[in-house]
Each structure stands twice: as C-alpha cells, then as structure tokens.
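One structure is given here, and the rest of the page talks about it.
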Amino acid sequence: MEVFGSDEQQAVLRRGRAMADLFADDPGCSYYGRTVGLVTPEDGDLDRLCALARVQGNTNYSTVPDGDVPALSDGLKARGLMPMHYAKWEGDETALAAARHIVETRALPADLALLRLDAATPPRVLSSLATMALACGVLPICGDALRGLGRASVCLVAQDVRGEVVSCAAASAFAHPEHPSQAGQAWWGDAGHRP
C-alpha cells in the first residue's frame, strides 16, 4: 500500500484503508482514499462520527447543511475533537461543459507534460507528487485511490522537463454506489503547485 507523509500521517492512511475494507458494504460510509467517514448526518449520529475519528485519527461527514455546522462543531469540540469545515460547491452539466471546453481549447505550456496516474505509473511519480503536495500542506490520499484502483477516481499530474510533479488534481467517488443521495458525487481537489 502506498501511503505518504509523516509516520503519523501514514498510520492514519493505513487505518483508513483497513476501515474501508471493513465498511465496504455500508452505504452510509464514505471513503475516498484517506479515512472512512459518514456520507450525511442521517447516516450516523455524532457518537458514531466520534468513534470513527478516534479509531482512525480522522473522519468526516461528507455533507452537512450550512446551518447545522455551528452546532456540530460545538458538539465535536465538547468531545475533545478539533473540527475543520470545508465548503462544498457543486456543479452541473454546464460546469462539466465549461471544463471540457478549457481542456479542448488550451494547451499546457511546452515545458510541462500531463500524466494520468494508473496501475502502471512508476512509484517515483507518486513519490514526486507526495513531495509536492506535502510542501503545499496537503496529505495525498492512498496510492490505490490516486491510481484509480478502488472506487472510480482520476489523478492528473503536471510534470516538468525533469519529470518532477509540479501540480496535480484528482477526483474520487466517496459514497457507496448504493447511497440514496450521494452515489454519483465525487470529491475533487488539487494539491497546489510548485512555481
């Protein structure tokens, strides 16, 4: 299993991967290459969320209505946890069409090459990606998710003329394919870039 970061971060990723195997059949659980979480608050209460956080070292509710965030945050703090809130923006077919247009009409600079990671990608490329991402303050997800070997996912990297990763972007399905409201969603993120 390819994991990255400090010993503690690697341990979190390993625990998350092991928990993903245990909860693979639970439609209320999410996994996108880091840790198992709960897709929505309806999929498990605060006690279940806290138990996942304590066992793995990290977890998440994938979707929480904005109005519920302050109470949830207070509840987590009261249990000795440190919540972090990430805003979620959703796009529809018009966002996908705009992205396709950009990809089809703009070229990368001549000194960069685009690579989609897969099972055959050399480990040194993932190591370079991890070095770049960690320097930007982002812990890469497990290698099998970056390579698209689990749930549907894609990871694109830009490499400079030396073959070093200078930027990346990835998307991964996070909800169980049978989840009633989030089965078709993916999380997209980038790990920044090196100048």
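Values in this document were obtained by computation on a predicted structure and should not be read as measured data.
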Using every non-hydrogen atom in the two residues, find where [X] and [Y] come nearest and quote the distance to one decimal.
X    : Y    : answer
D45  : R48  : OD1-N, 2.9 Å
V64  : P41  : CG2-CG, 4.0 Å
Y32  : I141 : O-CD1, 3.4 Å
E2   : L126 : OE1-CD2, 3.6 Å
R147 : A119 : NH1-O, 3.3 Å
L129 : C168 : CD1-CB, 4.1 Å

Members sharing L134's hydrophobic cluster (side chains within less than 4.5 Å) | M1, V3, L13, L139
Report yes if some heavy atom in the side chain of [X] is under 4.5 Å from a heavy atom in the side chain of [Y]; otherwise report no.
X    : Y    : value
H179 : S181 : yes
R34  : C142 : no
F174 : N60  : no
T59  : L38  : no
R17  : Q56  : no
H85  : S73  : no
S30  : V36  : no
C50  : L76  : yes

Expected output: side-chain D118 to main-chain T121 donor-acceptor under 3.5 Å = yes
Could you tell me whether a side-chain N or O of D26 sits under 3.5 Å from a main-chain N or O of F23, the two making a donor and an acceptor?
-> no
For D21, look at atom CG and say whether over 12 heavy atoms of other residues, nucleotides or ligands are found less than 6.0 Å away.
-> yes
Mind checking what makes salt bridge (charged side-chain N to carboxylate O under 4.0 Å, His left out) contact with D7, not counting sequence neighbours?
-> none
Between atom [atom1] of [X] and atom [atom2] of [Y], what is the distance when rounded to the nearest 0.5 Å?
X    : Y    : atom1 : atom2 : answer
D144 : R151 : CG    : CZ    : 11.5 Å
M19  : L52  : CE    : CG    : 5.0 Å
E8   : Q10  : CD    : CD    : 9.5 Å
L49  : L81  : CG    : CG    : 8.0 Å

Is it true that V55 and Y31 fall in one hydrophobic cluster, defined by side-chain heavy atoms closer than 4.5 Å?
-> yes
Can you check side chain to side chain contact (heavy atoms under 4.5 Å, CB included) on T63 and Q182, steps first, answer last?
-> CA-CA 9 Å; T63 57; Q182 301 296 314; 3.9 Å; yes
Return yes if a side-chain donor-acceptor contact under 3.5 Å exists between S128 and E164, otherwise no.
-> yes
With a 3.5 Å cut-off and no angle check, do the side chains of H176 and D25 form a donor-acceptor pair?
-> no
Identify each donor-acceptor pair in which a side-chain atom of residues 101-117 lies under 3.5 Å from a protein atom, sequence neighbours left out, and give them as a table.
{"from": "T105", "atom 1": "OG1", "to": "H101", "atom 2": "O", "distance (Å)": "2.7"}

